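Keep in mind it's a predicted model, so treat the numbers as computed, not measured. Because only heavy atoms are used, hydrogens play no part in the values below, and waters and symmetry mates are left out as well, while side chains stay in.
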Amino acid sequence: MSLLSMGNGALSDRPDGDGAWGRFKTLLDEQNEWPTRYTFKFIVPAEQLDEVKAVFGGHPVRVRESSKGTYKSVTARVQMASSEAVVDIYKEASSIEGIIPL
């Protein structure tokens, strides 16, 4: 199970969103030594694929299509300097309509 298994944008939708992001950051710090390669995984509607790729800039992403082609699974393994950098990626991605972090 992902550390961010709270569903589509749930961390930013809560009134205590900063608290939730803070708890997530704490979990990241407890489970990782920085810098580290961190794996991001998302499910996104096919039409939002380019937006998700843009979140990772020039870093390579692996994309798999659902059986009906409606959704795409996106995986990116990126060298991250800190838990703050990971949280920033999730915050940016959470603005994409229909995205589901795994």
Side-chain angles (χ1 to χ4, degrees):
M1 177 180 281
S2 165
L3 293 173
L4 220 186
S5 60
M6 297 182 190
N8 184 16
L11 287 173
S12 60
D13 292 344
R14 294 179 175 191
D16 67 338
D18 287 334
W21 284 117
R23 287 189 298 278
F24 180 54
K25 184 184 160 310
T26 299
L27 285 172
L28 287 169
D29 286 335
E30 289 173 355
Q31 296 180 8
N32 296 280
E33 289 189 30
W34 306 104
T36 192
R37 291 187 60 78
Y38 185 83
T39 302
F40 294 91
K41 293 184 180 193
F42 298 99
I43 302 291
V44 66
E47 57 273 5
Q48 263 71 17
L49 178 61
D50 289 337
E51 289 181 64
V52 176
K53 285 183 173 182
V55 169
F56 296 105
H59 294 283
V61 297
R62 189 176 72 208
V63 178
R64 293 188 179 182
E65 190 171 296
S66 67
S67 60
K68 294 182 183 178
T70 310
Y71 292 93
K72 305 281 184 174
S73 166
V74 178
T75 303
R77 193 156 161 80
V78 182
Q79 183 73 15
M80 302 303 291
S82 66
S83 58
E84 291 89 358
V86 172
V87 168
D88 288 346
I89 295 283
Y90 278 113
K91 283 181 175 180
E92 184 176 349
S94 70
S95 69
I96 300 170
E97 186 175 336
I99 196 165
I100 301 168
L102 302 176

Taking the side chain as C-beta and beyond, is there a heavy-atom pair between [X] and [Y] under 4.5 Å?
X: V74; Y: I43; value: no
X: V63; Y: K53; value: yes
X: I100; Y: F42; value: no
X: R64; Y: R62; value: yes

All side chain to side chain contact (heavy atoms under 4.5 Å, CB included) counterparts of [X], not counting sequence neighbours:
X: D88; answer: none
X: E30; answer: T26, L27
X: A85; answer: M80, S82

- Message: To check you understand the geometry: which heavy-atom pair defines the closest contact between W34 and D29, and what is its length?
- Response: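 It is NE1-OD1, 2.8 Å.
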- Task: Mind listing the closest non-hydrogen atom pair of A46 and G69 along with its distance?
- Result: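 What the structure gives for the nearest pair is CB-O, 3.5 Å.
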- Task: Let me know which of T36, L28, N32 forms a side chain to side chain contact (heavy atoms under 4.5 Å, CB included) with S83.
- Result: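 Answer to the side chain to side chain contact (heavy atoms under 4.5 Å, CB included) test with S83 among T36, L28, N32: L28.
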- Item | CA sep, side-chain torsions, deciding dist, call: I89, Y38, side-chain contact (heavy atoms from CB on, under 4.5 Å) | CA-CA 11 Å; I89 295 283; Y38 185 83; over 6 Å; no
- Item | Any pair counted as side-chain hydrogen bond (donor to acceptor under 3.5 Å, both in side chains), so long as it reaches residues 41-50, sequence neighbours left out |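 Every pair satisfying side-chain hydrogen bond (donor to acceptor under 3.5 Å, both in side chains) with a residue in residues 41-50: there are none.
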- Query: Can you pull the side-chain hydrogen bond (donor to acceptor under 3.5 Å, both in side chains) pairs that have at least one residue in residues 65-79, sequence neighbours excluded?
  - Reply: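 Residue pairs with at least one partner in residues 65-79: T39-R77, E65-K72.
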- Sequence neighbours excluded - ring pair (Phe, Tyr, Trp, His ring centres under 6.0 Å) pairs with any residue from residues 44-65: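 Applying ring pair (Phe, Tyr, Trp, His ring centres under 6.0 Å) to every pair that reaches into residues 44-65, excluding sequence neighbours, yields F40-F56.
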